[in-house]
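One structure is given here, and the rest of the page talks about it.
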Amino acid sequence: MAPPHDGKTAAVFEEESTPERRISSVLFVIAMQTEASPLVDKFRLIEEAESVFPEGFPWVRYYGKYKDLNINIVCPGKDKALGVDSVGTVPASLLTYASVQTLRPDIIINAGTSGGFKAKGASIGDVFVASHVAFHDRRNPLPKRDIYCIGTRQAFSTPNLVKELNLKVGKLSTGNSLDMSPQDAAGIISNDATVKDMEGAAVAYVTDLLKVPTIFLKAVTDIVDGDKPTPEEFLLNLATVSAALDRAATQVVDFINGKSLSDL
Ligand code: ADE
């Protein structure tokens, strides 16, 4: 058979002429219960009775239908021994991997709270969409290993969404500590980050491997370059900022509803 007249292969020709399908399944990966609860209520999701995850794991899944979308929210749950949220990169990456394998989402939203840098324009309650994510607490001076450790990845690009919803855009830097050591600070500056969290780059590592488009939605609970101690400021603002995150996440889902990936 002769190739299509412009010389493209049949596969490319077919792909270009096939209309992209609408997004039908959205997976939220959320580290803390306080961050997830308002969204579970807003979307009227129910907690699954029989876990799709391995027996004995603390991971929690909420699911349901909102508008035309199947929504799943997964959380790493409470540490078995201490009863606190299983925050950080290790639970986030494991949970993301297992959830994608089981739930096959069209798109992932990693939503959560973050520290923000006022020098980069962040204020308490701001909700940022991350353009890039990277690690600030993994170091190796050897050639190429240095770049591997930083692990910079571009987030899925959503120009229409950020414009329509008037969301702030900035770079996100991830590490396993709520505080910031001088070495972490240097990494964050080098990453040109506006917001700092404990999961984003780990989620990105997994979703990059699994080729699932991922949006990072981060609400600012504390100003890292301000004068208040981070743990106190974080706890003080957690509930109100979770509500702001919930409003932004709802707007994002409303925007996604009925659209395909290329519309975002
Ligand atoms: N989540 C909320 N505030 C944070 C901070 N300052 N660092 C890391 N994760 C956070």
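Just follow the structure's listing: the first ligand is 1, and inside any ligand the first atom is 1.
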What residue and heavy atom of the protein are closest to atom 7 (N) of ligand 1, and at what distance?
K196 NZ, 2.8 Å

Considering the heavy atoms of S114, write down every atom of ligand 1 situated less than 4.0 Å from one of them.
1 (N), 2 (C), 3 (N), 4 (C), 10 (C)

Would you call K120 and D192 a salt bridge, using N to O less than 4.0 angstrom?
yes

Exercise: do T221 and T113 side chains pair donor with acceptor under 3.5 Å
no

If we set the cut-off at 4.0 Å for heavy atoms, which region of D222 has an atom near ligand 1: side chain, backbone, both, or neither?
side chain

Scan residues 68-86 for pairs that pass side-chain hydrogen bond (donor to acceptor under 3.5 Å, both in side chains), counting only residues two or more places apart or in two chains.
R61-N72, K78-D85

Assess whether side chain to side chain donor-acceptor pair (under 3.5 Å) is satisfied between S25 and D106, documenting all intermediate values.
CA-CA 5 Å; S25 169; D106 295 320; 5.2 Å; no

K196 with D184: basic N within carboxylate O range, under 4.0 Å:
no

Find all atoms of ligand 1 within a distance of less than 4.0 Å from any non-hydrogen atom belonging to T230, and give their numbers and elements.
6 (N)

List the residues meeting side-chain hydrogen bond (donor to acceptor under 3.5 Å, both in side chains) with D179, not counting sequence neighbours, and say none if there are none.
none

Under a 4.0 Å heavy-atom limit, does T113 contact ligand 1 with its side chain, its backbone, both, or neither?
both

G115 heavy atoms within 4.0 Å reach ligand 1 at atoms 2 (C), 3 (N), 4 (C), 5 (C), 6 (N), 10 (C)

Numbering as shown, the atoms of ligand 1 that approach F234 to under 4.0 Å (heavy-atom distance)
2 (C), 3 (N)

Which ligand 1 atoms are under 4.0 Å away from a heavy-atom of T221?
2 (C), 3 (N)

